[in-house]
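Chain letters run A, B, ... following the sequence lines, proteins first and then strands; every chain starts at 1. All values reported here derive from a predicted model rather than from experimental measurement. Both backbone and side-chain heavy atoms feed into the values below; hydrogens, waters and symmetry mates do not.
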2 protein chains.
Amino acid sequence: MKLTFQDYISIKIHKTDLNLTRFVKAKLEPFNLAPEQNLIMMLLWEKDGLSQNQLVETLNKDKTNIARMAASLEKKGFIKRYNCDKDRRSVRLYLTDTGRNLGNEVIPIAEEFDAIVCNGISKEELKQMEKILRKMNQNVEKLL
Amino acid sequence: MKLTFQDYISIKIHKTDLNLTRFVKAKLEPFNLAPEQNLIMMLLWEKDGLSQNQLVETLNKDKTNIARMAASLEKKGFIKRYNCDKDRRSVRLYLTDTGRNLGNEVIPIAEEFDAIVCNGISKEELKQMEKILRKMNQNVEKLL
DNA sequence: GGATTTATGTTGTTATAGCAACTATATACC
DNA sequence: GGTATATAGTTGCTATAACAACATAAATCC
């Protein structure tokens, strides 16, 4: 087959991901919010009181990552963690007032970021790209 | 604008990247080679004796990451690091025999991985995707 | 040719990312 | 209803990612 380094689509995706993350990291820095922490906040702004396990499934990350990010967000005062009454194993995350207010500032920045990333790319092209990404995920997931 | 979590293309790219990395990590584990370390090895298999700084530019990573991955690869016995005679600041990486031989086993696995990822995706679609990824990189790079 | 600037790497710190092993609780099984 | 199993989180470890501050060597500038 003889592929060279530049041929691998996975490497191109990886580099792009790092570039986008670096960019959004700088955008969020003034708010004392790291990129992945922001993903948790975005989900909580949509629906408060999610459990860590729900975040594990939505974000498709290891539970240890979620636990540590949640601990960090609590330390920063953006959320509070409470044990669920119905299931004592489960930990639910609730926004503090500070955390809720943060959304008013950060959500516009996230949307502006998306607009910058998608600049000059048509809706059709985006749909196409999403389809291919889905296919790639399926390709590896069925073998995991 | 009102975007929800699932609307962000950056998040989809990020998740896919993590999925692909997780997959390749498992594939490389038997060889005591981590995914990013493998990227350095792939470049050395193509051209031995690259400097850390050349890797910084090719891999588009911070020099600290490259330095630490190179240190790790040296510790594993896959490469040797020598100071360049012409430029005493520069550190060049050279494959050991072990490192060179590793390529015979790992390169086929990398190519198989690429084939798995691209399964059911046409050459046209891949080209299209690469074009969009390039555009996204440009979109953020010009603002960094 | 000596001072300033630039380039290359290293050390220290914080934030992801995932695996293994563990605790505690809940569910299933008989 | 007591045992086995499954689920939700935590702790410890390694690898990646980027930034700041630093050391050293090279290049530039006058």
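Nearer to the 5' terminus of DNA chain D, by closest-nucleotide assignment, is the contact made by Val56(A) (compared with the other of Val56(A) and Arg68(A)). Annotation: of the two residues near DNA chain C, Arg88(A) and Pro35(A), the 5′-most nearest-nucleotide partner is Pro35(A). Nearer to the 5' terminus of DNA chain D, by closest-nucleotide assignment, is the contact made by Met69(B) (compared with the other of Glu29(A) and Met69(B)). Take the nearest nucleotide of DNA chain C for Lys63(A) and for Asp17(A): the residue whose nucleotide is more 5' is Asp17(A).
For Asp87(A), the side-chain atoms get nearest to dT25(C) when compared with the rest of dG12(C), dC19(C), dT25(C). With dC19(D), dA15(C), dT8(C) as the candidates, the nucleotide lying closest to the side chain of Ala34(A) is dA15(C). Comparing atom distances between the Glu36(B) side chain and each of dC19(C), dA17(D), dT10(D) picks out dA17(D) as nearest.
Among the protein residues, Arg92(A) comes within range of no part of the nucleic acid, since none of its heavy atoms lies under 4.0 Å from any strand. Backbone-only contact: Lys61(A) has heavy atoms under 4.0 Å from sugar-phosphate atoms and none from a base. Using a 4.0 Å heavy-atom criterion, one finds that Ser51(B) contacts the sugar-phosphate atoms exclusively. If you check every strand for non-hydrogen atoms under 4.0 Å, Asp62(B) touches a base. Residue contacts shown for Leu18(A) are limited to sugar-phosphate atoms, with no base heavy atom under 4.0 Å away. Note on Asn65(A): a base of the nucleic acid sits closer than 4.0 angstrom, heavy atoms only. Residue contacts for Ser90(A): at a heavy-atom cut-off of 4.0 Å it reaches the sugar-phosphate backbone alone, with no base atom in range.
Considering only side-chain N and O atoms, His14(A) lies under 4.0 angstrom from the phosphate OP1 or OP2 of dA17(D).
Glu125(A) has no carboxylate O lying under 4.0 Å from a charged side-chain N of Lys135(B), or vice versa, which leaves the two without a salt bridge.
At a cut-off of 3.5 angstrom, counting only N and O atoms as typed in the model, there is no donor on one side facing an acceptor on the other between the side-chain of Arg89(B) and the base of dT24(D).
Here the rule is side-chain hydrogen bond (donor to acceptor under 3.5 Å, both in side chains) with Asp62(A), and of Thr64(A), Asn65(A), Asn60(A) only Thr64(A) fits it.
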